[in-house]
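These numbers come from a predicted model, not from an experiment.
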Amino acid sequence: WGHADHGGDCSAVADCLASGVSALTASAGAFAALKHAGEVVTWGVAERGGDCSVVADRLSAGVSSISASGGAFAALKDAGEVVTWGRASCGGDCSTVADRLSAGV
(Lines give C-alpha, C1' and ligand atoms only; values in the text may rest on other atoms or scores of the structure.)
Protein backbone atom coordinates (compact mmCIF):
# COMPACT_ATOMS: atom_id res chain seq x y z
CA TRP A 1 0.00 0.00 0.00
CA GLY A 2 1.17 3.55 -0.48
CA HIS A 3 3.68 4.98 -2.91
CA ALA A 4 6.37 2.44 -3.80
CA ASP A 5 9.16 5.01 -3.50
CA HIS A 6 8.17 5.82 0.09
CA GLY A 7 8.02 2.39 1.62
CA GLY A 8 4.78 1.25 0.01
CA ASP A 9 6.56 -1.65 -1.68
CA CYS A 10 8.16 -4.11 0.72
CA SER A 11 8.50 -6.91 -1.85
CA ALA A 12 12.32 -6.86 -1.60
CA VAL A 13 12.11 -7.83 2.09
CA ALA A 14 8.73 -9.61 2.13
CA ASP A 15 10.26 -12.97 3.04
CA CYS A 16 11.89 -11.39 6.10
CA LEU A 17 8.56 -9.90 7.15
CA ALA A 18 6.49 -13.07 6.77
CA SER A 19 6.78 -13.95 10.47
CA GLY A 20 8.32 -12.88 13.74
CA VAL A 21 7.73 -9.13 13.48
CA SER A 22 7.09 -7.56 16.88
CA ALA A 23 7.06 -3.83 16.06
CA LEU A 24 7.05 -1.37 13.15
CA THR A 25 8.10 2.25 12.98
CA ALA A 26 8.29 4.73 10.11
CA SER A 27 10.25 7.78 9.06
CA ALA A 28 9.03 10.10 6.31
CA GLY A 29 9.63 7.61 3.53
CA ALA A 30 10.90 4.38 5.08
CA PHE A 31 9.92 1.63 7.50
CA ALA A 32 11.83 -0.43 10.03
CA ALA A 33 10.52 -3.71 11.42
CA LEU A 34 11.80 -5.18 14.66
CA LYS A 35 11.67 -8.96 14.78
CA HIS A 36 11.28 -11.08 17.90
CA ALA A 37 14.93 -12.18 17.73
CA GLY A 38 16.09 -8.56 17.84
CA GLU A 39 16.84 -8.22 14.12
CA VAL A 40 15.90 -5.08 12.17
CA VAL A 41 14.55 -5.14 8.59
CA THR A 42 14.23 -1.88 6.63
CA TRP A 43 12.73 -0.75 3.32
CA GLY A 44 11.74 2.46 1.57
CA VAL A 45 13.69 5.60 0.66
CA ALA A 46 17.36 4.75 1.24
CA GLU A 47 18.46 8.15 2.51
CA ARG A 48 15.54 8.26 4.96
CA GLY A 49 16.53 5.01 6.62
CA GLY A 50 15.24 2.47 4.12
CA ASP A 51 18.79 1.25 3.62
CA CYS A 52 20.58 0.25 6.82
CA SER A 53 23.45 -1.58 5.08
CA VAL A 54 26.09 0.68 6.67
CA VAL A 55 25.09 -0.56 10.14
CA ALA A 56 23.39 -3.87 9.21
CA ASP A 57 25.95 -5.95 11.10
CA ARG A 58 24.93 -4.13 14.31
CA LEU A 59 21.21 -4.65 13.62
CA SER A 60 21.24 -8.40 13.02
CA ALA A 61 20.45 -9.26 16.66
CA GLY A 62 20.01 -7.78 20.11
CA VAL A 63 17.85 -4.77 19.23
CA SER A 64 15.14 -4.05 21.82
CA SER A 65 13.43 -1.00 20.30
CA ILE A 66 13.48 1.40 17.35
CA SER A 67 12.55 5.09 17.12
CA ALA A 68 12.27 7.30 14.06
CA SER A 69 12.58 10.94 13.12
CA GLY A 70 11.49 12.44 9.82
CA GLY A 71 14.42 10.91 7.98
CA ALA A 72 16.36 8.57 10.25
CA PHE A 73 16.09 5.72 12.73
CA ALA A 74 17.72 4.92 16.06
CA ALA A 75 17.85 1.39 17.45
CA LEU A 76 18.41 0.66 21.13
CA LYS A 77 20.25 -2.58 21.71
CA ASP A 78 19.88 -4.86 24.74
CA ALA A 79 23.29 -3.81 26.08
CA GLY A 80 22.35 -0.12 25.97
CA GLU A 81 24.08 0.79 22.69
CA VAL A 82 22.34 3.15 20.25
CA VAL A 83 22.74 2.57 16.50
CA THR A 84 21.56 5.21 14.01
CA TRP A 85 21.10 5.31 10.23
CA GLY A 86 19.38 7.45 7.63
CA ARG A 87 19.67 11.14 6.75
CA ALA A 88 22.48 12.72 8.78
CA SER A 89 20.62 16.00 9.26
CA CYS A 90 17.71 14.06 10.79
CA GLY A 91 19.83 12.15 13.31
CA GLY A 92 21.11 9.33 11.14
CA ASP A 93 24.75 10.10 11.89
CA CYS A 94 25.61 10.02 15.59
CA SER A 95 29.38 9.90 15.09
CA THR A 96 29.99 13.11 17.07
CA VAL A 97 28.43 11.54 20.19
CA ALA A 98 29.05 7.86 19.45
CA ASP A 99 31.27 7.44 22.51
CA ARG A 100 28.28 8.41 24.71
CA LEU A 101 25.95 5.98 22.93
CA SER A 102 28.07 2.84 22.96
CA ALA A 103 26.67 1.36 26.18
CA GLY A 104 24.46 2.05 29.16
CA VAL A 105 21.87 4.20 27.40
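- Hydrophobic clustering (ILVMFWY, side-chain heavy atoms < 4.5 Å, transitive): Val21 and Ile66 are in distinct clusters.
- Contact record, Asp78 with Ser64: OD1-CB, 3.3 Å, taken as the closest heavy-atom pair.
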Exercise answer: donor-acceptor pairs, residues 22-33 side-chain atoms, under 3.5 Å, sequence neighbours excluded:
residue, atom, partner, partner atom, Å
Ser22, OG, Leu34, O, 3.1
Ser27, OG, Ala30, N, 3.3
Ser27, OG, Arg48, O, 2.7

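- Residue pairs meeting the salt bridge (charged side-chain N to carboxylate O under 4.0 Å, His left out) criterion with at least one member in residues 88-105: none, sequence neighbours excluded.
- A heavy-atom distance below 4.5 Å is not found between the side chains of Thr42 and Asp51.
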Could you list the donor-acceptor pairs under 3.5 angstrom formed between side-chain atoms of residues 83-90 and any protein atom two or more places apart in sequence or on another chain?
residue, atom, partner, partner atom, Å
Thr84, OG1, Gly92, O, 3.1
Thr84, OG1, Cys94, N, 3.4
Trp85, NE1, Gly49, O, 2.9

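- Of the possible donor and acceptor atoms, one in the side chain of Lys77 sits under 3.5 Å from a partner among the backbone N and O of Ala61.
- With rounding to the nearest 0.5 Å, the separation of OG in Ser65 from CG in Leu76 is 4.5 Å.
- With hydrogens and angles ignored, the 3.5 Å screen pairs a side-chain donor or acceptor of Lys35 with a backbone N or O of Ser19.
- Cluster membership check: Val63 shares its hydrophobic cluster with Val54, using side-chain heavy-atom separations under 4.5 Å among Ile, Leu, Val, Met, Phe, Trp and Tyr.
- Under the 4.5 Å side-chain contact rule for hydrophobic residues, Leu17 and Val40 do not share a cluster.
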